[in-house]
Amino acid sequence: MKTINMTVNGKVISGAAVEPRTQLADFVRDTLNLTGTHIGCEHGVCGACTLMVDGVPARSCITLAVACDGAKITTIEGMDDDEVMIALRAAFQREHALQCGYCTPGMLASAHDVVLRMPDATEADVRFAMSGNLCRCTGYVGITKAVLSVIEARRAAGVTKPVELRGEIGPVGSGHAEAMAADAIAKAASSSAATAKAAPAKTAASRAAPPVDSSKPMTTIEQTFTVEFPREQVWEFFGKLDQVTLCLPGASLLAPPTETHVEPKLRIKVGPIVADFEGAADVERDPANYVGTIYGSARDTKSASATRGEIRYTLVETQTDEGAAATRVDVQVGFALTGPLAQFSRSSIVLDIAKRMTDAFAANLRARLSHTGGADEAPPMPAAELNAGALVFSVIRDRIVGFFRKLFGGK
């Protein structure tokens with residue numbers, strides 16, 4: 001147990017004993033009985049648990065209570081007398097911006113920050129700034145109108161100067177971290193230098209992959225498909241990173257690849273969200289066993305969504321029904337997705353989507369291998385966005401149809 005001190009809604013909390021693993025959301029709800037802070041995804045994605053740490057919005061489900069030692073915490077219960085919050089609550093009621101109400105405390109906390117920081121915000125600005133808070137009742141139109149109405153009312157009253165609440169660089173609450181002793185700093189620097197020296201050097205054309213949180217466990221899926229071409233031909237094609245990358249739906253290249261490094265861009269559309277993932281990947285190939293492994297990470301240029309993954313493929317000789325040479329491609333994909341798009345990685349539907357993506361990749365691969373001018377002369381494929389939203393609805397539709405077929409004895 002660790003003892004912490006903090007100020008919560010203006011009340012000093014002294015000597016509170018918490019386990020180091022206790023999240024701030026659990027501490028304010030279970031220990032302080034401030035249940036206005038709601039817990040949703042517990043992954044920092046949905047925003048329902050948003051509250052204020054030193055005046056700055058924070059996801060309390062992924063913030064440790066011990067990290068807030070000495071901080072000033074404000075939950076929804078502590079904002080009754082705040083003039084901006086009073087205006088927001090009235091606007092939410094007036095614009096019908098709440099339905100079930102579960103997301104509302106987090107919405108109000110984020111909206112409070114937007115109103116103070118962005119006095120000249122447009123509708124697009126508000127939608128982007130609030131995109132980290134999800135409403136399962138889809139009340140986004142009313143929420144946007146409510147926030148805009150408060151901003152416009154303040155602007156009409158002459159309040160046009162933004163309020164900057166961040167006073168420290170780093171994560172929310174980092175200003176309360178204890179200073180590191182000089183000898184500890186020297187030791188850490190020495191360790192970092194030794195690690196950098198031991199690490200293998202990258203080629204001049206190589207660019208470091210975007211930093212992505214490595215603490216999130218990866219989801220693993222396996223897919224298999226067969227192409228009607230000899231294994232040697234398929235293996236040779238897989239070594240041409242500029243060609244094989246463009247077989248992915250919505251993929252393009254940011255720079256010319258080398259034999260072992262590629263920098264792809266993947267465009268994905270999920271409903272109204274369009275994500276452009278830019279990243280880097282390194283490739284290892286084992287010609288003796290026809291096995292390749294791809295390590296990479298990418299980050300969306302428009303939001304906080306990021307992904308890291310490892311793809312391992314194995315080429316196995318086989319034959320078509322007519323006895324012609326063919327190749328079975330066994331693929332194992334491990335990936336972790338964080339940010340707004342992470343909600344689509346925690347459902348069994350992702351397995352169906354992965355199968356459809358694999359089918360699209362296989363079809364593009366066949367087209368390039370069978371091109372009369374050869375794979376090297378194949379025309380570049382358009383980098384059309386991958387419409388994951390359409391895939392989701394297609395999967396759901398197929399599942400519903402399958403359910404009724406089973407229900408009524410159909411095939």
Side-chain angles (χ1 to χ4, degrees), residues 25 36-53 55-63 74-76 79 82-155 159-160 162-166 171-172 269-276 299-306 337-344 389:
T37 297
H38 294 168
I39 299 177
C41 66
E42 298 189 74
H43 287 75
V45 175
C46 72
C49 68
T50 305
L51 45 66
M52 301 294 183
V53 177
V56 181
R59 299 286 204 260
S60 60
C61 74
I62 56 173
T63 301
T74 307
T75 69
I76 193 68
M79 306 184 79
D82 184 280
E83 63 175 354
V84 173
M85 186 58 70
I86 291 173
L88 281 169
R89 283 172 166 165
F92 267 55
Q93 181 177 5
R94 182 177 62 252
E95 299 294 344
H96 305 288
L98 66 161
Q99 295 183 47
C100 78
Y102 197 85
C103 72
T104 305
M107 284 284 185
L108 287 171
S110 295
H112 185 275
D113 175 70
V114 172
V115 170
L116 291 179
R117 287 191 304 103
M118 306 170 65
D120 297 320
T122 64
E123 179 180 346
D125 294 332
V126 171
R127 286 183 176 274
F128 183 81
M130 296 289 293
S131 62
N133 290 73
L134 304 182
C135 172
R136 295 297 185 183
C137 303
T138 65
Y140 298 114
V141 173
I143 292 169
T144 303
K145 287 183 177 179
V147 177
L148 279 174
S149 69
V150 174
I151 292 175
E152 292 167 359
R154 286 170 61 84
R155 190 185 303 143
V159 183
T160 58
V163 178
E164 183 54 63
L165 298 173
R166 289 303 298 264
V172 174
K269 182 176 181 181
V270 183
I273 302 174
V274 178
D276 290 308
R299 188 173 295 276
D300 179 25
T301 57
K302 300 178 182 179
S303 72
S305 295
L337 186 61
T338 59
L341 292 176
Q343 58 184 305
F344 295 98

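Shortest non-hydrogen contact noted between Met52 and Asp113 is CE-N, 4.3 Å. For Gly40 against Cys46, the heavy-atom pair with the smallest separation is CA-SG, 3.8 Å. The two residues Cys135 and Met107 have their closest heavy-atom pair at CB-CE, 3.9 Å. Smallest separation of non-hydrogen atoms from Gly47 and Asn133: O-ND2, 3.2 Å. Of all heavy-atom pairs between His43 and Cys41, the closest is ND1-O, 2.7 Å.
Partners of Ala87 by side-chain contact (heavy atoms from CB on, under 4.5 Å), not counting sequence neighbours, listed by chain and number: Val150. Applying the side-chain hydrogen bond (donor to acceptor under 3.5 Å, both in side chains) rule to Arg154 yields no partners; only residues at least two apart in sequence or on another chain are considered. For Thr104, there are no side-chain hydrogen bond (donor to acceptor under 3.5 Å, both in side chains) partners two or more places apart in sequence or in a different chain. Glu152 is linked by a side-chain hydrogen bond (donor to acceptor under 3.5 Å, both in side chains) to nothing, counting only residues two or more places apart in sequence or in another chain. With sequence neighbours left out, the side-chain hydrogen bond (donor to acceptor under 3.5 Å, both in side chains) criterion links Thr50 to Arg59. With sequence neighbours left out, Tyr140 forms a ring-ring contact (aromatic ring centres under 6.0 Å, His included) with no residue at all. Remark: Asp82 pairs with Met79, Val84, Met85, His112 by the side-chain contact (heavy atoms from CB on, under 4.5 Å) rule, at least two apart or across chains. Judged as a salt bridge (charged side-chain N to carboxylate O under 4.0 Å, His left out), and not counting sequence neighbours, the contacts of Arg89 are Asp80.
Among residue pairs with one or both ends in residues 93-102, those qualifying as side chain to side chain donor-acceptor pair (under 3.5 Å) are Arg94-Ser149; sequence neighbours excluded. Listed by first then second residue, pairs satisfying salt bridge (Lys or Arg N to Asp or Glu O under 4.0 Å) with a partner in residues 118-130 read Glu123-Arg127, not counting sequence neighbours.
One distance of note links CD1 of Ile39 with OG of Ser60; it measures 6.5 Å at 0.5 Å rounding. Annotation: the span from Ile76 atom CD1 to Thr37 atom OG1 amounts to 8.0 Å, rounded to 0.5 Å. Between Leu88 atom CG and Ile143 atom CD1 the span is 11.5 Å, to the nearest 0.5 Å.
Side-chain N or O atoms of Asp300 include none that pairs as donor or acceptor with a backbone N or O of Ala306 at under 3.5 Å.
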